[in-house]
Amino acid sequence: AEDALSVGVDVLFAPVVDVMSDATNPIVGHRAYGWDPQRVATLGAAFMRGALRAGALPVAKHFPGHGATTTDSHDEVPEVRARADVLEARDLLPFEQTIASGVCPAVMTAHVRYPALDPSGVIATFSPAIVDRVRRAAPDAEDVAVFTDALCMQGACAGIGEVEAARRALRGRTRAERLQTRRPHTFLPKIGNPDCIQGSQVACGGNFRRRSLDQLAQCLHRIESRGL
């Protein structure tokens with residue numbers, strides 16, 4: 001957090017609180033805190049408390065869990081076919097515990113399908129049914145910000161493009177899209193990316209986009225006012 005703040009970054013897209021439940025997972029790897037959900041929750045909470053004390057905003061990822069995938073959402077749309085009770089006891093536990101305890105002010109969604117959580121087959125980023133679980137876990141549903149993973153990833157934009165992905169994310173009740181340029185070494189979390197604003201205004205109406213930005217700003221202001 002201190003290193004990030006020293007270069008002007010105050011939103012950390014970390015920690016990873018995915019449970020590394022599949023040894024063949026190609027993307028989570030050593031970023032995970034381990035195989036045990038409770039250990040992941042405990043260590044993830046410690047990271048978040050430290051980040052908050054330093055004055056940065058931690059963002060737990062990749063909700064509701066990317067540790068059981070066998071493919072990479074940068075390249076395709078993974079699917080986790082575990083039962084709902086397994087997902088709740090394993091993948092969701094670190095997120096729900098840290099959110100409920102108040103140390104997790106924000107999450108990042110996964111571009112992964114979870115049929116047991118949303119039978120419609122849409123990825124978590126586009127799913128109100130899945131995103132609403134974040135707010136149900138929080139003491140105050142309006143005090144948790146929901147970001148997407150990068151919308152240039154094939155898990156989100158394959159076949160529809162980044163603008164349509166942004167529209168679907170907004171419809172899925174996320175509050176900010178995370179976009180990554182296709183040029184190496186250039187990353188920008190762009191809440192106000194012009195292409196996405198244009199696409200969202202065309203598809204959803206300008207007022208819809210404005211409300212989303214206002215809700216995010218109000219949420220972050222509440223988090224800051226609580227001294228986190």
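Here, residue 1 is the first one in the sequence, and each next residue gets the next number.
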Report yes if the side chains of S120 and S127 come closer than 4.5 Å at any heavy-atom pair, otherwise no. no

Which heavy atom of L52 sits nearest to which heavy atom of P58, and what is that distance? CD2-CD, 3.5 Å

Which heavy atom in A124 sits nearest to a heavy atom in F63, and how many Å separate them? CB-O, 3.9 Å

Check whether any side-chain N or O of K61 sits under 3.5 Å from a backbone N or O of F13 as a donor-acceptor pair, and report yes or no. yes

Indicate yes or no for a side-chain donor-acceptor contact from R113 to the backbone of I123 under 3.5 Å, with no hydrogens or angles considered. no

How long is the gap from CD on E76 to OG1 on T71, to the nearest 0.5 Å? 4.0 Å

Decide yes or no for L117 and P64: does some side-chain heavy atom of the first lie under 4.5 Å from some side-chain heavy atom of the second? yes

Before accepting this row, confirm whether a basic side-chain N of the pair E164/R171 lies closer than 4.0 Å to the acidic partner's carboxylate O. no

Under the criterion side-chain contact (heavy atoms from CB on, under 4.5 Å), I'd like the reasoning laid out for H66 against T69: C-alpha separation, chi angles, the key distance, then a yes or no. CA-CA 6 Å; H66 208 318; T69 62; 2.9 Å; yes

With hydrophobic residues grouped by side-chain heavy-atom distances under 4.5 Å, do V40 and F47 end up in a single group? yes

On a heavy-atom basis, the closest approach of F147 and A106 is CE1-CB, 4.0 Å

Donor-acceptor contact below 3.5 Å, side chain T148 vs main chain T125: no

side-chain contact (heavy atoms from CB on, under 4.5 Å) between H74 and M153, intermediate numbers included: CA-CA 5 Å; H74 291 85; M153 295 165 60; 3.8 Å; yes

Please report the shortest heavy-atom distance between P128 and F126, naming the atom on each side. CD-O, 3.3 Å

Verify same cluster id: V77, I130 (apolar side-chain graph, 4.5 Å): no

Heavy-atom distance under 4.5 Å between the side chains of Q154 and S73, does that happen here? no

For residues 89-100, please give each side-chain donor-acceptor pair under 3.5 Å, one per line with the distance, not counting sequence neighbours.
| residue | atom | partner | partner atom | Å |
| --- | --- | --- | --- | --- |
| Q97 | OE1 | Q38 | NE2 | 3.0 |
| Q97 | NE2 | Q38 | OE1 | 3.0 |
| T98 | OG1 | P94 | O | 2.8 |
| T98 | OG1 | F95 | O | 3.1 |

Evaluate the side-chain proximity of V144 to P105: yes if any heavy-atom separation is below 4.5 Å, no if none is. no

Is V16 close to V28 at the side-chain level, that is, under 4.5 Å between some pair of heavy atoms? yes

Nearest non-hydrogen partners of R133 and E88, listed with the distance: NH2-OE2, 3.3 Å

Partners of D85 by salt bridge (Lys or Arg N to Asp or Glu O under 4.0 Å), sequence neighbours excluded? R83

Below 4.5 Å, heavy atoms only, C-beta onward: do I160 and R168 meet side chain to side chain? yes

Tell me whether L87 shares a hydrophobic cluster with V112, the cluster being built from Ile, Leu, Val, Met, Phe, Trp, Tyr side chains joined at under 4.5 Å. yes

Given the rule in the side-chain contact (heavy atoms from CB on, under 4.5 Å) test, do L12 and L57 qualify, once you have shown the distances and angles that lead to the verdict? CA-CA 6 Å; L12 312 178; L57 183 79; over 6 Å; no

When clusters are formed by joining ILVMFWY residues with side-chain heavy atoms under 4.5 Å apart, either directly or through shared neighbours, do L43 and V107 land in the same one? yes

Heavy-atom closest contact (C104 atom, A60 atom, distance): SG-CB, 3.7 Å

Indicate, with yes or no, if I27 and V19 share a hydrophobic cluster defined by side-chain heavy-atom contacts under 4.5 Å among Ile, Leu, Val, Met, Phe, Trp and Tyr. no

Do side-chain atoms of D149 reach the backbone of H111 as a donor and acceptor pair under 3.5 angstrom? no

Test: side chain to side chain donor-acceptor pair (under 3.5 Å). Region: residues 5-22. Which pairs qualify, not counting sequence neighbours? D18-H62, D22-T24

